[in-house]
Protein chains: 2
Amino acid sequence: MSGTSEKVYVEILKKIKTIIEEDNLQAGDKLPSERELTDRLHVGRSSVREALRSLELLGLIETRRGEGTFIKPATGHRLVEVLASFILHDKKAKQNLLETKSIILRDCIELAVKRIKDKDVEFLNVLLQQMHEEDDSGQLQKLSYQFKDAVIRLCDNHLLYRLWIELSGYGSSLHGKTFIPDPGDCSQIMEHLKNGDSMKVIQLMSREL
Amino acid sequence: MSGTSEKVYVEILKKIKTIIEEDNLQAGDKLPSERELTDRLHVGRSSVREALRSLELLGLIETRRGEGTFIKPATGHRLVEVLASFILHDKKAKQNLLETKSIILRDCIELAVKRIKDKDVEFLNVLLQQMHEEDDSGQLQKLSYQFKDAVIRLCDNHLLYRLWIELSGYGSSLHGKTFIPDPGDCSQIMEHLKNGDSMKVIQLMSREL
DNA sequence: AGTCAATGGTGGTCTGACCACCAAGCAGAT
DNA sequence: ATCTGCTTGGTGGTCAGACCACCATTGACT
């Protein structure tokens with residue numbers, strides 16, 4: 001071995017990262033099975049599992065019994081969920097959470113109005129069109145969520161976006177419901193996005209708070 | 001049992017959380033040993049370990065071989081470190097990181113100028129005084145860092161503060177050095193804080209970028 | 001009283017075993 | 001030829017037991 005004072009499971013984390021990079025694995029792709037990793041890395045299966053379970057809790061991978069382990073599209077509110085339940089005991093912390101969520105949302109939108117491109121406008125218009133044509137309320141809700149999400153992603157900063165997703169995930173588990181704009185809201189948001197009026201967009205998107 | 005579709009190690013996470021709450025364990029306190037948890041929760045030791053390793057990777061606990069498992073004071077830059085190394089493959093992601101760090105810093109400062117109290121001003125003045133009296137360059141650096149940190153904490157939002165700490169931690173591992181203001185900067189920062197000029201404070205504190 | 005070896009507890013790791021689950025392949029029925 | 005359904009191999013999920021390395025305490029010896 002190379003001078004290995006590190007715990008095996010941490011080493012494994014690094015090896016897995018290497019494997020992901022070398023094989024250029026993308027979100028949704030399958031990782032080698034636990035037993036194969038055991039062989040390739042010359043470690044015990046339990047150590048492999050400790051590493052994988054850690055990544056799973058971080059929301060970086062997803063395991064499906066009988067199928068395998070897969071790289072997850074970065075959308076893990078699990079992270080904040082766990083962190084929160086262990087760290088955010090008191091009321092003040094929850095207040096902090098809501099405030100931070102609101103601030104991050106504002107940040108995203110401010111970047112969004114700066115960075116929105118013509119093709120983004122087109123895409124949002126398509127969504128908007130679909131919404132106005134949709135009758136089924138379930139489908140409508142889904143589209144509304146997509147619209148909201150798409151707007152936030154306009155910030156073109158994946159890290160910031162992830163922060164919002166995670167904060168949002170925990171936030172909704174706090175008060176149960178998530179704000180979803182109706183088609184009318186979306187039309188207005190659309191207009192203000194084009195005009196570069198970030199204040200108005202923020203107002204419309206922050207209704208839940 | 002309650003509908004147990006959950007994986008054992010996730011159940012264990014909850015149980016551990018319960019134990020921490022019931023026994024009112026604080027940072028630094030010792031958790032029951034792996035074998036004791038195995039007995040108390042009627043599960044295999046490997047499952048207990050999967051749960052503990054996950055918490056360790058999240059920076060929530062610390063394990064010392066031959067001694068035991070201990071609750072860690074909530075200050076895990078491990079989180080972003082791990083997330084980052086797995087998510088931030090490309091250059092764009094690193095750019096995202098720097099941008100986000102800068103944005104969070106701005107958010108903190110904007111809250112800080114709103115929320116600064118007289119006693120905060122007093123405290124910062126004491127630090128400033130010490131800085132001007134200090135000769136030793138090492139000590140001076142330490143005081144400068146304290147000053148910067150104290151200003152950011154004025155936002156009175158622990159979560160936002162933690163986000164900055166974590167982003168900052170990874171950021172410095174990117175380009176190696178961290179910006180530390182000199183006494184002159186600190187005096188100016190102090191003035192603008194009192195005047196409520198957040199723009200100026202942000203400028204002075206963001207020099208590293 | 002001081003030194004140090006034995007001991008018991010703790011985390012670290014590996015192995016092998018079994019289960020539950022899923023998908024693909026194959027054999028039989030239609 | 002197609003569909004159905006069973007078999008089978010691969011996968012994750014879990015457990016039990018065995019060592020090892022390490023640490024702190026104990027207690028015997030000096």
Side-chain angles (χ1 to χ4, degrees), chain A residues 1-16 19-20 23 25 27-73 76 78 82, chain B residues 1-16 19-20 23 25 27-73 76 78 82:
Chain A
M1 306 295 155
S2 50
T4 307
S5 61
E6 287 254 43
K7 293 177 190 176
V8 170
Y9 90 93
V10 175
E11 292 290 336
I12 295 178
L13 286 177
K14 295 179 183 171
K15 301 277 182 59
I16 292 178
I19 290 178
I20 291 178
D23 297 1
L25 298 181
D29 289 349
K30 186 173 173 303
L31 245 51
S33 76
E34 297 180 353
R35 287 166 177 91
E36 188 183 338
L37 287 173
T38 299
D39 292 340
R40 278 171 69 169
L41 307 181
H42 305 102
V43 293
R45 190 177 162 214
S46 45
S47 295
V48 170
R49 281 185 60 81
E50 286 178 15
L52 290 179
R53 270 347 97 220
S54 300
L55 291 181
E56 187 182 14
L57 194 67
L58 278 178
L60 296 177
I61 61 174
E62 176 186 6
T63 57
R64 296 200 286 270
R65 182 191 225 141
E67 298 182 57
T69 305
F70 302 83
I71 299 181
K72 221 174 163 183
R78 195 60 172 276
V82 174
Chain B
M1 292 299 152
S2 50
T4 309
S5 59
E6 288 258 40
K7 294 179 190 174
V8 170
Y9 90 92
V10 174
E11 293 290 339
I12 295 178
L13 285 177
K14 293 179 182 171
K15 300 276 182 59
I16 291 178
I19 290 178
I20 291 178
D23 296 2
L25 298 180
D29 289 349
K30 186 175 173 302
L31 245 52
S33 76
E34 296 180 355
R35 287 164 177 92
E36 187 182 339
L37 286 173
T38 298
D39 291 342
R40 278 172 69 169
L41 307 181
H42 305 102
V43 294
R45 190 177 159 212
S46 43
S47 295
V48 170
R49 282 184 59 82
E50 286 178 14
L52 291 178
R53 267 352 93 218
S54 300
L55 291 181
E56 185 180 52
L57 193 65
L58 278 178
L60 296 176
I61 61 174
E62 177 186 3
T63 56
R64 297 199 284 269
R65 182 192 228 142
E67 297 181 60
T69 304
F70 303 84
I71 298 181
K72 228 175 158 182
R78 193 62 172 276
V82 173

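In what follows, chains are A, B, ... by sequence order, proteins preceding strands, each numbered from 1. What's counted below: heavy atoms across the whole structure, side chains too, no hydrogens, waters or symmetry copies.
Overall, the helix from dA1(C)-dT30(D) to dT30(C)-dA1(D) carries an axis bend of 20° between its ends, with five pairs at each end and the value rounded to 10°.
Atom OG1 in Thr69(A) sits 10.0 Å away from atom CG in Leu55(A) (nearest 0.5 Å). Between atom CD1 of residue Ile12(A) and atom CZ of residue Arg40(A) there is a gap of 12.5 Å, rounded to the nearest 0.5 Å. One finds the CG atom of Leu52(B) at 9.0 Å from the CD atom of Glu50(A) (value rounded to the nearest 0.5 Å). Rounded to the nearest 0.5 angstrom, Lys14(A) NZ and Ile19(A) CD1 are separated by 14.5 Å. The line from CZ of Arg49(B) to CD of Glu34(B) is 4.5 Å long, rounded to the nearest 0.5 Å.
Among all heavy-atom pairs drawn from Leu57(A) and Ser54(B), the shortest one is CD2-CB, 3.3 Å. Nearest heavy atom pair, residue Leu13(B) against residue Ala51(B), reads CD2-O, 3.7 Å.
Going from atom CG of Leu41(A) over to atom C1' of dT13(C) covers 14 Å, rounded to whole Å. In this structure, Glu50(B) atom CD and dG11(C) atom P are separated by 16 Å, rounded to whole Å. For the pair Glu36(A) CD and dG9(D) C1', the interatomic distance rounds to 15 Å; values are reported in whole Å. Atom CZ of Arg53(A) is separated from atom C1' of dT13(C) by 17 Å (rounded to the nearest Å). Atom CD in Glu34(B) sits about 15 Å away from atom C1' in dC15(D), given to the nearest Å. We find that CG of Asp39(B) is positioned 12 Å from C1' of dA16(D), with the value rounded to whole Å. Taking atom CG on Leu52(B) and atom P on dG11(C), their separation rounds to 8 Å, with Å as the unit. Regarding Glu56(B), its CD atom lies at a distance of 14 Å from the C1' atom of dT10(C), rounded to whole Å.
For Arg49(A), a side-chain nitrogen or oxygen approaches OP1 or OP2 of dG13(D) to under 4.0 Å. Taking side-chain N and O atoms only, Thr69(A) has no distance below 4.0 Å to OP1 or OP2 of dT11(D).
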Restricting both atoms to N or O, compile the protein contacts to nucleotides 14-22 of chain C shorter than 3.5 Å, with distance only.
unit_1: dC14(C); atom_1: OP2; unit_2: Gly44(A); atom_2: N; d: 2.8
unit_1: dC14(C); atom_1: OP2; unit_2: Ser47(A); atom_2: OG; d: 2.7
unit_1: dC14(C); atom_1: O5'; unit_2: Gly44(A); atom_2: N; d: 3.4
unit_1: dA17(C); atom_1: N6; unit_2: Arg45(A); atom_2: NH1; d: 3.4

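At least one side-chain heavy atom of Thr63(A) sits less than 4.5 Å from a side-chain heavy atom of Arg53(A).
Ile71(A) is linked by a side-chain contact (heavy atoms from CB on, under 4.5 Å) to Ile20(A), Leu25(A), Leu31(A), counting only residues two or more places apart in sequence or in another chain.
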